[in-house]
**Student:** 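This structure is in C-alpha cells; I'll ask about it shortly.
Numbers here simply count residues along the sequence, with the first being 1.
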Amino acid sequence: MINALRWIVFAIAAVAMNFPIIVTLVTSFKSARELSSNAGLWVNQPTLANYARILTETDRFNIYAYLLNSTIAATLGTALAIALCLPAAYAIARSEVGRRIMMPLVINLRAVPLIIFAIPLYMMYQWLGLLDTQLGLGLILTIVNIPLALVMLVNAINDVPLELDEAARIDGASSFQAMVSIITPVIRPALVTAFIFGFITAWNEFLFGLMLTTNKAVPMTVGASFFFAASGGGVQWGVASAVMALGALPPALLGLLMYRQISGSMTAGAVKG
C-alpha cells in the first residue's frame with residue numbers, strides 16, 4: 001500500500017513538472033484544423049505534417065542551420081569553460097590561490113542579470129567583428145558556463161587526496177603534470193558532468209543569441225521563435241510546437257543518456273572514510 005502511494009505521488013509530481021512538455025508534444029502532432037476544435041491533451045488524428053513542414057521547407061527558416069549553430073556554439077562554450085576552469089580549480093583547491101577573492105567574484109556572475117552586459121558586449125563584439133558568428137556566440141557562452149564549471153571542479157579536486165599530488169611530485173612531476181596525469185583522470189566523472197550541464201545551459205541560452213546574432217549564427221532557441229508566424233496570419237501552434245520539441249531533443253537526449261554519469265558524480269565524495 002505504501003509503495004503504491006509512493007508511485008502515485010511520483011506520477012503526479014512527474015506529470016505536474018513535465019506538463020508544459022507534454023502539452024507541447026501533443027500539440028506538435030495536431031493539425032491546424034484539429035487545434036481549432038480540440039485544445040485538449042488527446043489527439044484524434046495524429047499527424048507528422050508539422051515536423052515534415054519544418055524539416056523540408058527550409059527556404060525561409062533553415063532549422064538545420066539553427067541546430068548546427070547551437071551545437072557548435074554550445075560545444076565551444078562548454079569545452080573552453082572547462083579548459084579554463086580546470087587549472088584555476090586546481091590552483092584554488094591545492095594552493096587556495098584566489099579562493100577568497102576570485103572564486104566569489106566569478107560565482108557572483110550568476111547572480112547578476114545578464115541584460116546588464118548587453119550594451120557593452122554588443123559594442124565590443126561590433127568592434128571585434130564577432131557579431132553573428134559562431135565563435136562570438138561560443139565565447140560568450142564560455143563566460144556563462146565558467147561559474148558552474150569552476151564550482152564543480154573545485155569541489156571535485158577537493159575530494160581527491162592530497163597524497164596523490166605529493167606522490168607525483170616525489171616522482172619528479174610538476175604541478176601541471178600532476179594535474180593532467182593524476183588529477184584529471186580521477187575527476188573524469190565531474191568533468192563529464194560539468195560538460196553536460198554546461199552544454200545544456202549553453203544550448204538553452206536565448207538572450208545572447210538574440211542580441212549577438214542576426215542571420216548566419218542564429219541558435220536554435222532564437223530560430224524557434226521565427227516559426228511562430230512562419231506563414232503569417234497568426235501563430236502556427238502546431239509548427240511552433242514541433243520546432244520547440246526538436247530544439248529540446250538534443251539536450252534532453254544528452255541528459256538521459258548520461259544520467260548514470262551525472263548521478264554518480266553528484267554523489268561521489270558524499271561518504272568518506
**Student:** Pairs in or reaching into residues 18-39: which pass ring-ring contact (aromatic ring centres under 6.0 Å, His included), with residues at least two apart or in two chains?
**Tutor:** Phe29-Tyr51
**Student:** With rounding to the nearest 0.5 Å, note down the distance linking CD1 in Ile187 to CD1 in Ile157.
**Tutor:** 4.5 Å
**Student:** Kindly work out whether a path of hydrophobic side-chain contacts (I/L/V/M/F/W/Y, heavy atoms less than 4.5 Å apart) joins Val112 to Leu141.
**Tutor:** yes
**Student:** Please give me the minimum heavy-atom distance between Pro185 and Ile182, naming the atom from each residue.
**Tutor:** CD-O, 3.4 Å
**Student:** Supply the atom-to-atom distance Phe176 CZ to Ile183 CD1, rounded to the nearest 0.5 angstrom.
**Tutor:** 13.0 Å
**Student:** In terms of heavy-atom contacts, does CG of Leu5 have more than 12 from other residues, nucleotides or ligands at under 6.0 Å?
**Tutor:**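 Counting neighbours around CG of Leu5, more than 12 heavy atoms of other residues, nucleotides or ligands fall under 6.0 Å, so yes.
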**Student:** Between CD1 of Ile196 and CG of Leu191, what distance do you get to the nearest 0.5 Å?
**Tutor:** 11.0 Å
**Student:** Donor-acceptor pair, distance only, cut-off 3.5 Å: does the side chain of Asp165 make one with the backbone of Ser175?
**Tutor:** no
**Student:** Is there side-chain contact between Leu76 and Leu135, with at least one heavy-atom pair below 4.5 Å?
**Tutor:** yes
**Student:** Side chain to side chain contact (heavy atoms under 4.5 Å, CB included) between Arg94 and Val160: does it pass, once the steps are laid out?
**Tutor:** CA-CA 10 Å; Arg94 289 298 188 250; Val160 178; 3.7 Å; yes
**Student:** Is it possible for you to say whether Ile116 and Tyr122 belong to one hydrophobic cluster, with membership spreading through side-chain heavy-atom contacts below 4.5 Å?
**Tutor:** yes
**Student:** Any chance you could measure Asn62, atom CG, to Leu67, atom CG, to the nearest 0.5 Å?
**Tutor:** 9.0 Å
**Student:** Just by modelled atom types, is the Lys30 backbone N or O under 3.5 Å from a matching donor or acceptor in the Asn50 side chain?
**Tutor:**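 Yes.
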**Student:** Run Phe226 and Val218 through side chain to side chain contact (heavy atoms under 4.5 Å, CB included) and show every step you take.
**Tutor:** CA-CA 11 Å; Phe226 298 160; Val218 174; 4.0 Å; yes
**Student:** Between Phe195 and Phe199, how do the two ring planes meet: parallel, tilted or perpendicular, split at 30° and 60°?
**Tutor:**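 Parallel.
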**Student:** If we ignore hydrogens and angles and just use 3.5 Å, is the side chain of Ser36 paired with the main-chain N or O of Arg33 as donor and acceptor?
**Tutor:**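 Indeed, once roles are kept as given, a pair shorter than 3.5 Å links the two residues.
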**Student:** Quick one: OG1 on Thr58 to CD1 on Ile63, what's the gap to the nearest 0.5 Å?
**Tutor:**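 Going from the OG1 atom of Thr58 to the CD1 atom of Ile63 covers 10.5 Å.
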**Student:** Does Glu34 use its side chain to pair, donor to acceptor, with the backbone of Ser31 at less than 3.5 Å?
**Tutor:**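 No, the answer is negative, given that no donor and acceptor are paired below the 3.5 Å cut-off.
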**Student:** Looking at Thr142 and Gly138, would you say the former's side chain and the latter's main chain have a donor-acceptor pair under 3.5 Å?
**Tutor:** yes
**Student:** Same cluster or not: Leu164 versus Tyr90, using hydrophobic residues (I, L, V, M, F, W, Y) connected whenever any side-chain heavy atoms lie under 4.5 Å apart?
**Tutor:** yes
**Student:** Between Met211 and Met124, is there a shared hydrophobic cluster once you connect ILVMFWY residues whose side-chain heavy atoms come closer than 4.5 Å?
**Tutor:** yes
**Student:** Mind checking who shares a hydrophobic cluster with Ile92, ILVMFWY linked at side-chain heavy-atom distances under 4.5 Å?
**Tutor:** Leu84, Met102, Met103, Val106, Ile107, Ile146, Leu150, Val151, Val154
**Student:** Within the supplied structure, the quantity of interest is the number of heavy atoms (other residues, nucleotides, ligands) at a distance under 6.0 Å from Ile101 CD1; does it exceed 12?
**Tutor:** no
**Student:** Judged by atom type as modelled, is there a donor-acceptor pair below 3.5 Å linking the side chain of Ser28 to the main-chain atoms of Ser241?
**Tutor:** no
**Student:** Under the 3.5 angstrom rule, does the side chain of Glu205 hit a backbone N or O of Leu207 as a donor-acceptor pair?
**Tutor:**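 The answer is yes, because a donor-acceptor pair under 3.5 Å joins these two groups.
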**Student:** State whether the side chain of Asn69 and the backbone N or O of Ala73 hold a donor-acceptor pair below 3.5 Å, judged by distance alone.
**Tutor:** no
**Student:** Please confirm whether the backbone N or O of Leu212 pairs with a side-chain atom of Tyr125, one donor and one acceptor, at under 3.5 Å?
**Tutor:**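 Checking the backbone N and O of Leu212 against the side chain of Tyr125, no donor-acceptor pair under 3.5 Å is found.
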**Student:** For the atom pair CG (Leu35) and CH2 (Trp237), what is the distance rounded to the nearest 0.5 Å?
**Tutor:** 10.0 Å
**Student:** Which heavy atom of Ala245 sits nearest to which heavy atom of Leu25, and what is that distance?
**Tutor:**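 Shortest heavy-atom separation between Ala245 and Leu25 comes out as CB-CD2, 3.9 Å.
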**Student:** Please find the pair of heavy atoms, one from Asn158 and one from Ala93, that lie closest to each other, and give the distance.
**Tutor:** OD1-CB, 3.3 Å
**Student:** Quick one: are Leu55 and Tyr64 in side-chain contact, heavy atoms under 4.5 Å?
**Tutor:**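 SC-SC contact between Leu55 and Tyr64 confirmed.
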**Student:** Check this for me: Arg169, atom CZ, are more than 12 non-hydrogen atoms of other residues, nucleotides or ligands nearer than 6.0 Å?
**Tutor:**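 Buried by this count: over 12 neighbours within 6.0 Å.
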**Student:** Taking the side chain as every heavy atom from C-beta outward, state whether Pro219 and Leu137 have any pair of such atoms under 4.5 Å apart.
**Tutor:** yes
**Student:** Is it the case that one hydrophobic cluster holds both Ile72 and Ile143, taking links as side-chain heavy atoms less than 4.5 Å apart, direct or via other members?
**Tutor:**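 No, it is not one cluster - the side chains of Ile72 and Ile143 are not joined through contacts under 4.5 Å.
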**Student:** Looking only at non-hydrogen atoms, find the nearest pair between Thr133 and Ala217 and report the distance.
**Tutor:** C-CB, 3.5 Å
**Student:** Residues two or more places apart in sequence or in another chain: which of them pass side chain to side chain donor-acceptor pair (under 3.5 Å) with Asp132?
**Tutor:**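 Applying side chain to side chain donor-acceptor pair (under 3.5 Å) to Asp132 gives Thr214.
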**Student:** Heavy atoms, side chains only, cut-off 4.5 Å: are Phe208 and Val144 in contact?
**Tutor:**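 Yes, side chains in contact.
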**Student:** Give a yes or no on whether the backbone of Met220 and the side-chain of Trp203 come within a donor-acceptor separation of less than 3.5 Å.
**Tutor:**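 No, the answer is negative, given that no donor and acceptor are paired below the 3.5 Å cut-off.
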